[in-house]
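Computed from a predicted structure; not experimentally measured. Quick note: numbers below take in every heavy atom, side chains included, and nothing from hydrogens, waters or symmetry partners.
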Amino acid sequence: MSLTFHWFLPTNGDSRHVVGGGHGTPVTAAGGDRPPSVGYLSQIARAAEDLGFVGALTPTGAWCEDAWLTTAMVSQHTERLKFLVAFRPGFVSPTLAAQMASTYQRQTGGRLLLNVVTGGESHEQRAYGDFLDKEARYRRTGEFLEVVRGLWDGKTVDLAGEHLQVADASLARLPDPVPEVYFGGSSPIAGEVAARHADVYLTWGEPPAQVAEKIAWVRGLAAKEGRKVRFGIRLHVITRDTSEQAWAEARRLLDGFDPETVKSVQQGLARSESEGQRRMLSLHGGGRDGLEIHPNLWAGIGLVRGGAGTALVGSHAEVAERIAEYQRIGIDEFVLSGYPHLEEAYWFGEGVLPRLRQQGLWSHPAGATATPQPAAQVPFAASGSR
């Protein structure tokens with residue numbers, strides 16, 4: 001089976017430096033370098049589409065533009081690319097969400113994927129009027145997905161749950177196809193929800209041994225529910241013609257981190273209720289030394305960014321090798337990003353994807369004729385990477 005690659009739409013702004021934000025931390029000043037206009041995001045989306053990415057993730061939260069609205073607009077400037085829309089189930093009724101998804105599918109030709117984000121920060125949830133604690137939020141997410149999946153199956157749904165109630169709920173028009181549900185979380189209750197409802201379990205970019213443990217954990221929980229789940233990983237990438245060039249770029253990004261910003265971000269993230277965020281912080285401990293935590297896996301991004309904080313760094317061949325390593329332990333899908341997102345899409349798409357095609361691990365969604373050939377240098381990115 002061909003590996004699936006998704007890119008990222010930086011609805012919090014883009015830059016040649018790392019744009020922070022997420023998990024209750026504000027976007028850093030770099031987010032203003034390239035504002036997240038529909039025009040710029042569409043440029044990234046069209047590049048990702050041409051290069052062979054299947055979809056593009058958009059984040060959710062007060063630190064970025066709304067994912068539903070933004071992707072609906074960007075979809076009108078693309079033809080094939082799917083949109084992995086992150087949303088929080090506590091902010092909208094399950095019946096309305098099911099209806100929105102159905103409308104989205106009809107208006108885009110079936111290009112919606114859903115990334116269900118329960119929400120790991122109570123103070124951010126309260127700003128939206130949600131005062132449940134973390135455990136209760138996950139229980140509500142389970143109820144939410146039970147309703148949504150029932151409606152998508154064409155059922156009339158009644159639910160008197162602990163947190164949600166619907167009566168005689170149904171959809172006049174069903175989504176075609178039914179959107180796949182992507183879900184992540186490292187706490188015990190997150191695993192339970194994923195096992196019952198997720199199509200794809202997403203993990204942040206931990207070293208392969210830790211990822212393998214997560215896969216075994218969720219796979220076992222899903223088996224008890226009589227289900228099978230696919231697995232994906234969320235990573236940044238810095239890939240260049242040579243390893244030296246890639247690590248020079250990583251050092252350039254690291255040199256751009258203001259010490260006070262790092263200190264402030266780390267203090268904020270240390271208060272996170274997210275088990276996944278705690279695991280990300282443990283990879284670097286807030287320091288600048290020892291950031292290569294596995295061959296070609298760099299934890300520097302997490303010094304200034306919440307959520308996904310690791311990057312694959314190396315030559316195109318090395319990055320392809322690391323992707324193959326994750327594939328061998330059970331990862332089918334890769335959700336990638338890089339700074340800036342337009343240029344880095346070309347570095348990866350023209351440098352790494354052809355090598356994976358040659359290994360039989362990937363094929364272009366539009367067919368073999370659309371697959372770029374590996375080049376000694378990536379012309380677009382090389383001309384504008386500095």
Side-chain angles (χ1 to χ4, degrees), residues 23 60-62 66-68 84-105 112-202 217-230 272-277:
H23 278 265
T60 184
D66 177 76
W68 286 96
L84 183 50
V85 174
F87 82 107
R88 301 185 186 187
F91 298 166
V92 62
S93 82
T95 306
L96 178 57
Q99 182 184 14
M100 290 166 62
S102 183
T103 298
Y104 199 113
Q105 291 297 64
L112 175 67
L113 305 169
L114 287 179
N115 180 26
V116 178
V117 180
T118 297
E121 316 307 331
S122 291
H123 68 282
E124 187 178 15
Q125 296 292 123
R126 289 194 293 268
Y128 285 92
D130 179 14
F131 287 83
L132 295 181
D133 62 25
K134 178 184 172 181
E135 289 282 321
R137 289 198 296 270
Y138 273 104
R139 292 196 297 272
R140 179 181 60 194
T141 294
E143 294 177 2
F144 181 97
L145 290 172
E146 181 180 345
V147 173
V148 167
R149 286 210 175 273
L151 292 171
W152 286 345
D153 286 342
K155 299 175 182 177
T156 298
V157 179
D158 294 281
L159 178 71
E162 179 185 0
H163 301 287
L164 298 175
Q165 297 184 20
V166 298
D168 199 30
S170 63
L171 293 180
R173 302 181 68 182
L174 301 181
D176 184 22
V178 170
E180 290 194 306
V181 172
Y182 290 65
F183 187 85
S186 299
S187 62
I189 194 169
E192 295 173 12
V193 174
R196 294 192 186 105
H197 299 290
D199 295 300
V200 179
Y201 175 83
L202 277 179
W217 168 56
V218 175
R219 185 175 281 153
L221 292 174
K224 293 178 181 178
E225 299 289 335
R227 302 183 69 243
K228 291 184 178 180
V229 178
R230 303 198 314 277
S272 174
E273 301 169 37
S274 166
E275 175 63 16
Q277 184 62 71

side-chain contact (heavy atoms from CB on, under 4.5 Å) between L164 and E146, worked out: CA-CA 10 Å; L164 298 175; E146 181 180 345; over 6 Å; no
For the pair [X] (side chain) and [Y] (backbone), establish whether a donor and an acceptor sit closer than 3.5 Å, ignoring hydrogens and angles.
| X | Y | value |
| --- | --- | --- |
| N115 | V85 | no |
| T118 | Y138 | no |
| T103 | Q99 | yes |
| E273 | S122 | yes |
| D153 | K155 | no |
| Y128 | A62 | yes |
| Q105 | L112 | yes |
| E143 | H163 | yes |

Pairs where residues 219-228 contributes a residue and the test salt bridge (charged side-chain N to carboxylate O under 4.0 Å, His left out) is met, not counting sequence neighbours: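 Applying salt bridge (charged side-chain N to carboxylate O under 4.0 Å, His left out) to every pair that reaches into residues 219-228, excluding sequence neighbours, yields R196-E225.
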Shortest non-hydrogen separation from A86 to V117 and the atoms involved: CB-CG2, 4.0 Å
State the [atom1]-[atom2] distance between [X] and [Y], to the nearest 0.5 angstrom.
| X | Y | atom1 | atom2 | result |
| --- | --- | --- | --- | --- |
| D130 | R137 | CG | CZ | 6.0 Å |
| L84 | L114 | CG | CG | 8.0 Å |
| F183 | H197 | CZ | NE2 | 9.0 Å |
| Q277 | E121 | CD | CD | 7.0 Å |
| S272 | E124 | OG | CD | 10.0 Å |
| L174 | L151 | CG | CG | 9.0 Å |

Plane angle bin for F144 and F87 - parallel if under 30°, tilted between 30 and 60°, otherwise perpendicular: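 Tilted: the ring planes of F87 and F144 meet at 30° to 60°.
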Is there a side-chain contact between [X] and [Y], using heavy atoms and a 4.5 Å cut-off?
| X | Y | value |
| --- | --- | --- |
| R149 | V181 | yes |
| L145 | P89 | no |
| E135 | I189 | yes |

Salt bridge flag under 4.0 Å for residues E162 and R139: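 Salt bridge between E162 and R139, a charged N being under 4.0 Å from a carboxylate O: yes.
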